[in-house]
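First the structure, in the form of structure tokens, and then the observations on it.
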Amino acid sequence: MNDLSKILNTLNDRQAEAVRTTEGPLLVLAGAGSGKTRVITVRIAYLIAEKGVPPHNILAVTFTNKAAAEMRSRVEEILRGERLPSAPLISTFHSLCVRILRQDIEALDEGYTRSFTIYDTDDSQKVIKACIKDLGFDEKSLAPRAVRAAISASKNRGEDHEIYASKVEYGDDKRLKIARIFKLYDERLGRANALDFDDLLLKAVRLLKVSSEVREKYNDRFRYILVDEYQDTNSLQLSLIRSLTEKSSNICVVGDDAQSIYGFRQADIRNILSFEEHFPDAKVILLEQNYRSTQTILDAADAIISNNREQKKKKLWTENPGGERIFYFQAMDGESEARFVVSKISDILYSDRATRVAVLYRTNAQSRLFEEALRRNRIDYNIVGGFSFYERAEIKDIVAYLKLSLNPFDDVALMRVINTPARGIGKTTLDELQRAARAAGGPLWRTIEAVATGEGSSGANVTPRAREALRSFYGTLKKLVEKANAPATGDHPVSDLVTAAIEETGYAGALRAEGTDEAQSRIENLEELVNAAVEYDHQEGNGLRDFIDHAALTSDTDKYDRDAAVTLMTIHAAKGLEFPVVFIVGLEDGVFPHSRSLSEPKDLEEERRLAYVAITRAEKRLYISHAMRRRTFGEEFASEPSQFLNELPLEMIEDVSPGPSWLSYAKGGTGVVRESIVRPPLPPKKAYTGKTYNSADAIAEFFKDRGKNIGQKGGSAPSGTPEAHQTPFDRLKAAGSGVGPEDRPSHAAEGIVPGSYVIHDRYGRGLVLRREGSGDSSKLTVSFPGYGQKKLIEKFAGLRTE
DNA sequence: AAGTAAATTTTTTTT
DNA sequence: AAATTTACTT
């Protein structure tokens with residue numbers, strides 16, 4: 001009996017069926033922790049070893065490099081010892097498209113050549129910014145960022161600028177402008193022989209549509225296709241898959257609609273829900289047995305997700321024991337939350353050095369507090385996301401030189417390095433060059449060439465000094481271009497080219513001359529880049545182009561070290577991973593769920609799925625925490641517990657907060673009245689300026705206020721919410737404004753403190769952010785979803801509390 | 001043209 | 001609070 005059949009025997013019936021169903025369309029609906037990756041990897045091995053499918057006929061597509069790398073190594077593990085004639089292609093959607101386009105983009109006949117450049121988000125935004133400026137539009141009303149997002153969304157729906165323009169409604173001035181920017185942007189990208197991230201998909205899809213020859217070629221090549229995380233595919237990705245499966249229809253997709261969390265990238269959950277319509281005669285297999293988590297954790301996840309309307313009913317079950325309850329911690333502020341998490345991590349690592357812990361947050365910005373706390377305690381950690389190696393300025397500079405050496409028409413790269421290091425080519429000169437290039441309708445490089453060589457008319461009027469500087473820059477770059485394009489016989493290794501870009505451009509020289517610590521660390525980073533190139537030369541050695549593509553398409557997520565004891569990352573980045581111990585932090589309304597998701601029920605459901613993903617990462621133990629106050633943009637705000645907390649059954653939560661907490665309130669309402677229930681109202685934000693309850697003064701203040709409230713007889717319960725029928729959420733919310741249900745004042749006005757909600761006749765429900773003044777002249781700043789922040793005179797606004 | 005001070009912005013989530 | 005962009009000197 002060989003290894004593979006041994007492995008097959010360890011699979012459950014459903015999993016084995018998914019592996020053995022190799023022909024025709026197959027949808028595997030795989031719940032969290034149901035052994036999805038195992039099924040995919042064993043299936044690939046099965047196709048090769050059992051069915052005799054040549055490996056290069058197999059394509060597996062993932063969303064992230066991390067997932068692709070993981071899959072590759074696990075397939076290798078299973079097939080260890082087998083001698084294979086070729087390797088299956090396991091790739092992300094984006095690298096697959098790059099691969100196709102590098103081969104065949106010329107068949108698209110849109111003027112692009114195989115040496116096209118890839119623009120990252122940053123590059124695109126620069127082009128868009130320039131477009132806005134050149135069209136004479138106002139940057140205030142048309143933020144480059146927002147325009148980029150609109151264009152990207154359009155492209156991900158498979159719509160180019162013409163379709164976008166055709167959908168603009170009459171009189172919609174803003175979209176009309178965006179349509180014009182969109183058009184100009186695409187023209188400029190075309191002229192620079194550049195594709196943005198979205199174009200990679202868009203053009204590949206179009207190429208397969210336009211050229212039956214190319215389509216046939218890849219249909220013949222990829223006879224067995226697998227797609228991971230299918231619930232996250234968008235319409236472009238669906239088109240791509242459909243084009244590639246015209247002949248074989250051996251398409252296996254794996255996913256979980258409950259884990260669809262990329263709607264913001266136009267992922268369309270209907271792709272997985274309608275798979276059987278898109279691919280007739282599809283077979284569907286459900287994987288519902290969870291091997292990862294305790295029953296408690298699954299129950300918690302189920303409790304959250306069952307608040308969603310849109311979902312395919314699935315019931316996860318496990319043979320694992322019930323396990324511990326979920327630990328809950330309420331922190332005073334973000335810092336104390338981080339201290340709690342780190343002290344727990346410290347305990348956990350002390351008792352079991354081999355365990356792995358993850359801290360999961362909604363946004364990257366939240367990582368800082370945890371990093372600081374971990375560093376203070378000298379605990380090593382691994383952070384995923386945020387700033388990646390390839391995003392560092394010095395790395396991007398050198399990569400820009402390298403990109404230019406392959407495609408000098410890349411205007412963005414050219415502008416990036418033309419005066420980096422400083423060569424005396426200033427703003428005046430650059431403006432003039434850009435103007436001239438635009439007038440000539442050609443790339444910047446041509447204009448510079450004309451100025452530097454004196455051949456032809458550049459149309460640019462530059463000072464003699466600038467001309468001299470340009471001549472020298474032109475010479476430097478020209479040499480780099482020649483080196484990169486040297487014939488294969490005298491081939492330069494990539495590392496040589498990288499070194500040349502660092503040294504011969506004067507880049508390293510300028511840094512050394514600086515002599516600061518920062519410059520030193522930049523030099524070290526560049527050394528690391530050279531090391532990466534040396535490594536690359538040893539391993540793959542597919543030339544400079546591949547190296548640069550790799551840099552463009554690699555996010556830091558594949559730097560993820562699966563053996564690290566402590567990992568910090570966003571919930572998005574954690575998808576597909578599992579950890580014995582998980583901390584979900586920042587469970588506050590506005591943070592998680594994110595404030596931008598509160599107004600649309602659709603968005604809120606996606607946040608809920610995100611919560612589901614977060615919870616189901618945990619194997620044995622789960623901590624959830626939130627802070628009462630949090631600093632954002634340097635200002636401190638009162639924050640409320642996340643509504644998701646209220647969706648958890650209280651009996652499965654264990655409170656480990658030091659004093660009374662929201663949870664005590666919530667539980668108190670179920671019959672147990674604790675003495676410590678009464679808390680002071682949260683003072684208006686102003687009273688805090690600079691102070692925290694850590695300082696002695698503030699603690700004194702705390703007790704002073706506390707004394708006032710104890711024994712105070714509360715008024716009637718808020719209208720429409722009889723106490724007996726309060727939901728846990730209502731109870732928590734009452735606590736959220738620092739006012740227990742018993743203590744709520746009868747007059748609405750006095751209940752309006754920052755952090756509480758009010759109802760306005762016109763704007764509806766809003767969150768009170770700030771209160772200024774008192775009595776008749778008091779003003780409130782209230783944030784109304786859909787209307788923004790409003791400043792209201794309390795006396796005239798006619799506000800009601802809930 | 002380059003360096004400094006002041007003003008403005010930043011936080012979803014990712015290839 | 002930190003980082004980035006713009007406006008002002010030299």
Side-chain angles (χ1 to χ4, degrees), chain A residues 61-68 91-98 118-122 124-126 129 139-140 143-145 149 152-153 155-156 195-202 204 229 232-234 236-237 260-267 334-335 360-369 372 384-388 390-391 393 419-431 463 465-466 469 549-558 569-575 586 590-598 603 606-607 609-611 613-614 630-637 690:
Chain A
V61 200
T62 64
F63 278 85
T64 64
N65 293 296
K66 179 176 61 179
S91 150
T92 65
F93 273 104
H94 286 82
S95 9
L96 170 66
C97 290
V98 170
I118 301 169
Y119 276 180
D120 65 17
T121 313
D122 224 52
S124 311
Q125 197 153 313
K126 279 183 185 157
K129 202 172 169 186
E139 239 184 62
K140 291 263 151 48
R145 227 181 114 73
S152 172
K155 285 185 174 181
N156 274 300
L195 298 174
D196 66 23
F197 278 151
D198 308 317
D199 285 335
L200 296 176
L201 288 168
L202 191 66
E229 307 283 12
D232 289 330
T233 52
N234 61 30
L236 272 181
Q237 286 150 344
S260 160
I261 54 174
Y262 283 96
F264 68 98
R265 248 169 59 186
Q266 315 306 311
E335 282 80 10
L360 307 182
Y361 35 78
R362 179 62 179 81
T363 66
N364 279 306
Q366 288 167 260
S367 71
R368 226 195 70 226
L369 293 173
E372 283 169 3
V384 178
F387 224 61
S388 89
Y390 291 104
E391 276 172 280
N419 202 32
T420 319
R423 320 187 149 82
I425 303 170
K427 194 174 181 306
T428 327
T429 311
L430 288 179
D431 284 348
T463 63
R465 208 166 65 170
D549 284 350
H550 181 76
L553 296 175
T554 300
S555 76
D556 39 334
T557 33
D558 27 278
M569 61 183 140
T570 63
I571 299 165
H572 282 88
K575 194 172 65 164
V591 177
F592 187 23
H594 195 272
S595 52
R596 310 260 269 244
S597 313
L598 292 175
D603 293 341
E606 180 153 317
E607 294 284 311
R609 291 193 293 269
L610 202 49
V613 169
R630 190 173 287 280
R631 229 174 173 46
T632 328
F633 301 147
E635 257 198 299
E636 205 164 58
F637 292 97

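Being a predicted model, the structure only gives us computed values, none of them experimental. Just so we're on the same page: letters track the sequence lines, and every chain starts at 1.
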Looking only at heavy atoms, which two atoms of A/Glu606 and A/Gly263 are closest? And how far apart?
OE2-N, 3.0 Å

OG1 (A/Thr62) and CD (A/Glu229) are apart, to the nearest 0.5 Å, by 9.0 Å

For a quick check of understanding: with a heavy-atom distance under 4.0 Å over all strands, which category does A/Phe93 fall into, base, sugar-phosphate or nothing?
nothing

Which of these passes side-chain contact (heavy atoms from CB on, under 4.5 Å) with A/Ser260: A/Leu610, A/Thr233, A/Asp232?
A/Asp232

For chain A, the stretch of DNA chain C it reaches, first to last nucleotide, under 4.0 Å of its heavy atoms:
C/dA1 to C/dT6

Taking all non-hydrogen atoms of both residues into account, name the closest pair between A/Thr92 and A/Val61 and its distance.
C-CG1, 3.9 Å

Comparing A/Asp603 and A/Gly426 on DNA chain B - which has the more 5′ nearest nucleotide:
A/Gly426

Interatomic distance where CG belongs to A/Leu610 and P belongs to B/dT14 [whole Å]:
10 Å

From CG of A/Leu96 across to C1' of B/dT15 the rounded distance in Å is 13 Å

Residue closer to the 5' end of DNA chain B, A/Ser597 versus A/Ile425 (nearest nucleotide)
A/Ile425

Scan A/Asp198 against the nucleic acid and name what it touches under 4.0 Å (heavy atoms): base, sugar-phosphate only, or nothing.
nothing

To the nearest 0.5 Å, atom CG of A/Leu553 lies from atom CD1 of A/Ile118 at 4.5 Å

Do the ring planes of A/Tyr262 and A/Phe63 sit parallel (below 30°), tilted (30 to 60°) or perpendicular (above 60°)?
parallel

So does A/Ser95 get a side-chain nitrogen or oxygen closer than 4.0 Å to the phosphate oxygens (OP1/OP2) of B/dT15?
no

What nucleic acid atoms does A/Thr429 come within less than 4.0 Å of, heavy atoms only: base, sugar-phosphate, or nothing?
sugar-phosphate

Using whole Å, what does the distance between atom C1' of nucleotide B/dT15 and atom CG of A/Leu202 come to?
15 Å

Can you check the A/Asn156 CG to B/dT13 C1' distance for me, whole Å?
14 Å

What interatomic distance, in whole Å, is found between P of C/dT6 and the corresponding atom of B/dT11?
16 Å

Rounding to an integer number of Å, can you tell me how far A/Arg465 CZ sits from B/dA1 P?
7 Å

So which protein nitrogen or oxygen atoms get under 3.5 Å of nucleotides 5-11 of chain B's nitrogens or oxygens?
none

Less than 4.0 angstrom from a charged side-chain N to a carboxylate O is my criterion; do A/Glu607 and A/Arg362 meet it?
yes

Interatomic distance, A/Leu195 CG vs B/dT15 P [rounded to whole Å]:
19 Å

Suppose we call two aromatic rings close when their centres sit under 6.0 Å apart. Are A/His572 and A/Phe264 close by that rule?
yes

Pick the C1' atom in B/dT13 and in C/dT4, then give their distance to the nearest Å.
22 Å

With rounding to the nearest 0.5 angstrom, report the NE2 to OG distance, A/His550 to A/Ser95.
9.5 Å

Touch class at under 4.0 angstrom, heavy-atom based, for A/Asn419 against every strand present:
sugar-phosphate

Starting at atom OH of A/Tyr390, determine the distance to atom P of B/dT14, rounded to an integer number of angstrom.
19 Å

Can you check whether A/Asn65 has a side-chain N or O nearer than 4.0 Å to OP1 or OP2 of B/dT15?
no

Scan A/Ser595 against the nucleic acid and name what it touches under 4.0 Å (heavy atoms): base, sugar-phosphate only, or nothing.
nothing

Does a donor on one side chain sit under 3.5 Å from an acceptor on the other, for A/Asn65 and A/Thr554?
no

Write down the distance between CD1 (A/Ile261) and C1' (B/dT13), rounded to a whole number of angstrom.
8 Å

